[in-house]
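This report concerns only the one structure given below.
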2 protein chains.
Amino acid sequence: MYQPTVTEENYLKAIYHLSNTGTKSVNTSSIATSMETTAASVTDMLRKLSDKEWINYEKYKGVKITRKGEKVALGIIRKHRLWEVFLTNILEFEWDEVHNMAEELEHVSSEELIKRLDKFLGHPKFDPHGDPIPDQTGKMESHDKFNLSAGEAGEKYIITGVTDHSTLFLKHLRKYGLLPGVTVSIAEIMDYDKSMLVKVSKDKFHLSLEVSKNILIKKYVSSK
Amino acid sequence: MYQPTVTEENYLKAIYHLSNTGTKSVNTSSIATSMETTAASVTDMLRKLSDKEWINYEKYKGVKITRKGEKVALGIIRKHRLWEVFLTNILEFEWDEVHNMAEELEHVSSEELIKRLDKFLGHPKFDPHGDPIPDQTGKMESHDKFNLSAGEAGEKYIITGVTDHSTLFLKHLRKYGLLPGVTVSIAEIMDYDKSMLVKVSKDKFHLSLEVSKNILIKKYVSSK
DNA sequence: TTATAAGTTTAGACAAATCTAAAAATAGTA
DNA sequence: TACTATTTTTAGATTTGTCTAAACTTATAA
Ligand SMILES: [Mn+2]
Ligand SMILES: [Mn+2]
Ligand SMILES: [Mn+2]
Ligand SMILES: [Mn+2]
């Protein structure tokens, strides 16, 4: 119907993420924080997004994204994550370097371009941070992830992603080789501070709860 | 010094192209035509570009791009042409399909991205239309091109580019296989309308003056 | 249940980029 | 040279996205 502006695309993406992939309703101030702007600006924009039927908005009641809005948001997220795959896999950037470039590339509008990029990359299902890539219809894989901090001593896990996407955290994990796909065994969990001793290939080292809380894992299974 | 906006980048690129790669001075109305806007809007923008020292501007006297402005323009042109190479060589788009996508991609700001893209593509010297790609310092190759319409009967030439970049023209040439790098022999030039009979690999066909005027060539030499 | 705090919206303003209409400058030509 | 025609600039508005400060609504807790 309407062609969203870059700003509108960014608002819709933020609302979608804040609403826990479209489910919860979101309040003005959390959008303001995430967009690094003022509540007044957000209110202005919410009225516009509502006029275009991308969100349901009632004064003082918060917003819920509509199907239409969700479609826009998922399109942007698809582009963002595909470009991140391109930047890491093809141009050999590190996983902590790609986000800001993808923030620009995600607004390049051609659908045909993203279709061919997807094909060229081999139709990847996940981005470098382990986040699922929606297909053209908005569907994406969602394997049951949980936090490494909830893992048990003696068990073996595979890293599937992170909950903290900051450069600082990603760089920190890279130093330890803690990337999606890597196998981690928990050797010991300290009672005192819930820090853990883990084994990654041949290395053994300590992870604080602060770190383990932000790593997503799944159970290790030999096949697949 | 200043960070140009996307609009400022587009104005500088247009001024650079209109000034015949920085040499001639350019008037307001030609910029307006090329930017598909009004002379009034151009005047407004010229004042801004002048304030930022990207052009020398005096009321009613036309503009000349400065060294600084030329550097900005060449940076954008470099990005545009590298993305066009990416789109044709890697994503397998046709040469008549890539321009509009490159118009968006050229404004993605990361210098490191373009550096790595350049490397990934093998440091190409020309884009799909035969236009030279500036290096990081703004230097580019410029082989002595002339129009096919100035070629002689019985001579053999190599296509190096086009002067008309419209989709319609590029599509037309693609139908005949007339792309940069292709060898063309002029069999006969008609006195009446200056149309020419040409041989391209095994095919022989007629080209109107309208077409031959817009094809750039260089003399054929067996080596190199 | 009422006061206060927290969150949200409105009012009014601003910068960037654009437009139309009118005024001013320059160019072309008799 | 003097009169038009063309080009360019100015004046005044508009749209988008933003801001601060003030007003208003809702939540919290004494
Ligand atoms: Mn990202
Ligand atoms: Mn990511
Ligand atoms: Mn182009
Ligand atoms: Mn080109």
Side-chain angles (χ1 to χ4, degrees), chain A residues 1-16 18-20 24-65 69 72-73 76 103-104 106-109, chain B residues 1-16 18-19 24-65 69 72-73 76 103-104 106-107 109:
Chain A
M1 223 118 300
Y2 295 98
Q3 199 58 42
T5 65
V6 168
T7 313
E8 287 169 340
E9 288 181 344
N10 283 330
Y11 269 96
L12 287 171
K13 190 174 54 138
I15 293 167
Y16 177 82
L18 288 167
S19 69
N20 206 189
K24 293 191 312 187
S25 134
V26 185
N27 62 346
T28 303
S29 60
S30 61
I31 299 169
T33 305
S34 132
M35 294 292 293
E36 294 183 296
T37 186
T38 62
S41 299
V42 173
T43 303
D44 289 344
M45 182 54 81
L46 293 183
R47 197 162 291 112
K48 286 181 210 167
L49 296 177
S50 180
D51 288 347
K52 291 171 179 170
E53 298 183 310
W54 289 317
I55 58 169
N56 288 317
Y57 170 58
E58 267 183 287
K59 286 205 293 187
Y60 295 105
K61 307 279 180 198
V63 304
K64 264 199 90 172
I65 200 160
V72 174
I76 302 302
E103 286 290 306
E104 293 187 55
E106 70 188 6
H107 302 291
V108 173
S109 61
Chain B
M1 226 119 302
Y2 294 98
Q3 198 59 44
T5 65
V6 167
T7 313
E8 287 168 340
E9 287 182 343
N10 283 330
Y11 269 95
L12 287 171
K13 190 173 52 139
I15 293 166
Y16 178 82
L18 289 168
S19 70
K24 295 191 312 189
S25 133
V26 185
N27 63 346
T28 303
S29 59
S30 60
I31 299 169
T33 305
S34 131
M35 294 292 294
E36 295 183 294
T37 185
T38 61
S41 299
V42 173
T43 303
D44 288 344
M45 182 55 81
L46 293 183
R47 198 161 290 112
K48 285 181 213 169
L49 296 177
S50 180
D51 288 347
K52 292 172 178 172
E53 298 183 310
W54 289 317
I55 59 170
N56 288 318
Y57 170 59
E58 266 184 286
K59 286 207 291 187
Y60 295 105
K61 306 280 180 196
V63 304
K64 264 200 88 174
I65 200 160
V72 174
I76 302 302
E103 286 290 306
E104 293 186 56
E106 71 188 7
H107 303 290
S109 61

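Hydrogens, waters and symmetry mates are skipped; everything else that's a heavy atom, side chains included, is used. Just so it is clear: chains get the letters A, B, ... in the order the sequence lines come, proteins before strands, and each one is counted from 1.
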Measure from [atom1] on [X] to [atom2] on [N] and round the result to the nearest Å.
| X | N | atom1 | atom2 | value |
| --- | --- | --- | --- | --- |
| Lys52(A) | dG17(D) | NZ | C1' | 12 Å |
| Met35(A) | dC19(D) | CE | P | 10 Å |
| Asp51(A) | dT16(D) | CG | C1' | 14 Å |

Tell me whether the OP1 or OP2 atom of dT8(D) has a side-chain N or O from Asn27(B) closer than 4.0 Å. yes
Under 4.0 Å from OP1 or OP2 of dT8(D): is there any side-chain N or O of Ser29(B) that close? yes
Report all side-chain donor-acceptor pairs from residues 42-62 of chain B shorter than 3.5 Å, counting only partners two or more places apart or in another chain.
{"residue": "Thr43(B)", "atom": "OG1", "partner": "Ala39(B)", "partner atom": "O", "Å": "3.1"}
{"residue": "Lys52(B)", "atom": "NZ", "partner": "Glu8(B)", "partner atom": "OE2", "Å": "2.7"}
{"residue": "Glu53(B)", "atom": "OE1", "partner": "Lys68(B)", "partner atom": "NZ", "Å": "3.1"}

If every non-hydrogen atom of [X] is compared with every non-hydrogen atom of [Y], which pair is closest and at what distance?
| X | Y | value |
| --- | --- | --- |
| Thr38(B) | Ser41(B) | OG1-OG, 3.0 Å |
| Ala73(B) | Ile65(B) | CB-CD1, 4.4 Å |
| His107(B) | Glu103(B) | CD2-O, 3.0 Å |
| Lys24(B) | Leu18(B) | CE-O, 3.9 Å |

Separation of [Y] [atom2] from [X] [atom1] (nearest 0.5 Å):
| X | Y | atom1 | atom2 | answer |
| --- | --- | --- | --- | --- |
| Ile15(A) | Ile31(A) | CD1 | CD1 | 4.0 Å |
| Ile76(A) | Glu9(A) | CD1 | CD | 3.5 Å |
| Asn10(A) | Ser34(A) | CG | OG | 9.5 Å |

Can you pull the contact range of chain B along DNA chain C, 5' to 3', using atoms under 4.0 angstrom from its heavy atoms? dA16(C) to dT26(C)
Hey, does Thr7(A) reach any base, or is it just sugar-phosphate, or nothing, if we go heavy atoms under 4.0 Å? sugar-phosphate
Would you classify Thr38(B) as touching base, sugar-phosphate or nothing, given that sugar-phosphate means primed atoms plus P, OP1 and OP2, and contacts are heavy atoms under 4.0 Å? base
Report each atom pair, protein N/O against N/O of nucleotides 9-11 of chain D, whose distance is under 3.5 angstrom.
{"residue": "dT9(D)", "atom": "OP1", "partner": "Tyr57(B)", "partner atom": "OH", "Å": "2.4"}
{"residue": "dT9(D)", "atom": "OP1", "partner": "Tyr60(B)", "partner atom": "N", "Å": "3.0"}
{"residue": "dT9(D)", "atom": "OP2", "partner": "Thr28(B)", "partner atom": "OG1", "Å": "3.0"}
{"residue": "dT9(D)", "atom": "OP2", "partner": "Thr43(B)", "partner atom": "OG1", "Å": "2.8"}
{"residue": "dT9(D)", "atom": "OP2", "partner": "Tyr57(B)", "partner atom": "OH", "Å": "3.4"}
{"residue": "dT9(D)", "atom": "O4'", "partner": "Tyr60(B)", "partner atom": "OH", "Å": "3.4"}
{"residue": "dT10(D)", "atom": "OP1", "partner": "Lys59(B)", "partner atom": "NZ", "Å": "2.8"}
{"residue": "dT10(D)", "atom": "OP2", "partner": "Arg47(B)", "partner atom": "NH2", "Å": "2.3"}

